[in-house]
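For reference, the structure is listed below as structure tokens.
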Amino acid sequence: MTGQCRCGQVQFKITATPIMTAACHCAGCQVMSSSAFSLTAMIPGNAFEVTQGDPVIGGLHGPDQHHFFCPHCMTWMFTRIEGIDAFVNVRPTLLEDNRWTTPFIETMTRNRLSWVSTPAQYQFDEFPPMDRLQELMDAFSAAQD
């Protein structure tokens, strides 16, 4: 499956289905997306490749997360978490196929705007505990079958 930024100068492909999908309600995602939350499709790290263009780091310039944007249209495209190569957080609305836009989990719901609701099956006030990640990924996979 392929995806691209709004102007098409940066393109990518994924060669595996997502590990999980999510909506993040943190204040940072609200600001960067100019919306109530950001959507994520967690793609296996070895199944994601930028095929055209050279994305730049934008948004939060911290040591833990690297948010990648198109340098021309400034579309927020994907996020890599420092030290975690197992997956890349891709903005699923950039994919040619929109079936991965439905969030399976919601994170940072303590910041959720009062009028927002999603069909997510699991909600977390912050991020899910790492010891639950495999359980959530297995539940997501089973829900796709």
Show which side-chain atoms of residues 127-143 pair as donor or acceptor with protein atoms under 3.5 Å away, not counting sequence neighbours.
{"residue": "R132", "atom": "NE", "partner": "E135", "partner atom": "OE1", "Å": "3.2"}
{"residue": "R132", "atom": "NH2", "partner": "E135", "partner atom": "OE2", "Å": "3.0"}
{"residue": "Q134", "atom": "NE2", "partner": "D138", "partner atom": "OD1", "Å": "2.8"}

**Prompt:** With distance as the sole criterion, is a donor-acceptor pair present between the side chains of T109 and Q123 under 3.5 Å?
**Reply:** no
**Asked** With a 3.5 Å cut-off and no angle check, do the side chains of R91 and S38 form a donor-acceptor pair?
**Response**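 Their side chains do not contain a donor-acceptor pair, so the 3.5 Å distance test is not met.
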Approximate separation, where rounding is to 0.5 Å, of [X] [atom1] and [Y] [atom2]:
| X | Y | atom1 | atom2 | value |
| --- | --- | --- | --- | --- |
| F69 | I57 | CZ | CD1 | 10.5 Å |
| M108 | E126 | CE | CD | 5.5 Å |
| L94 | N98 | CG | CG | 12.0 Å |
| W76 | S34 | CH2 | OG | 10.5 Å |
| F87 | T79 | CZ | OG1 | 10.5 Å |
| T93 | R6 | OG1 | CZ | 11.5 Å |

Please give me the minimum heavy-atom distance between [X] and [Y], naming the atom from each residue.
| X | Y | result |
| --- | --- | --- |
| M77 | C5 | CE-N, 3.5 Å |
| Q9 | C70 | CB-SG, 4.4 Å |
| P55 | P71 | CA-CD, 4.2 Å |
| H67 | Q65 | CE1-OE1, 3.2 Å |

Side-chain donor-acceptor pairs under 3.5 Å in residues 10-28, sequence neighbours left out?
{"residue": "Q11", "atom": "NE2", "partner": "G8", "partner atom": "O", "Å": "3.1"}
{"residue": "T21", "atom": "OG1", "partner": "T102", "partner atom": "O", "Å": "2.6"}
{"residue": "T21", "atom": "OG1", "partner": "F104", "partner atom": "N", "Å": "3.0"}
{"residue": "H25", "atom": "NE2", "partner": "E106", "partner atom": "OE2", "Å": "2.7"}

**Item:** Cluster check L39, V116: I/L/V/M/F/W/Y, side chain < 4.5 angstrom
**Value:**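 Yes, one cluster joins them.
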**For D97, salt bridge (charged side-chain N to carboxylate O under 4.0 Å, His left out) partners two or more places apart** = R99
**Asked** So, the side chain of T40 versus the backbone of M42: is there a donor-acceptor pair under 3.5 Å, distance only?
**Response** no
**Request:** Apply side chain to side chain contact (heavy atoms under 4.5 Å, CB included) to the pair V90 and F48, showing each step before the final yes or no.
**Result:** CA-CA 9 Å; V90 175; F48 175 82; 3.7 Å; yes
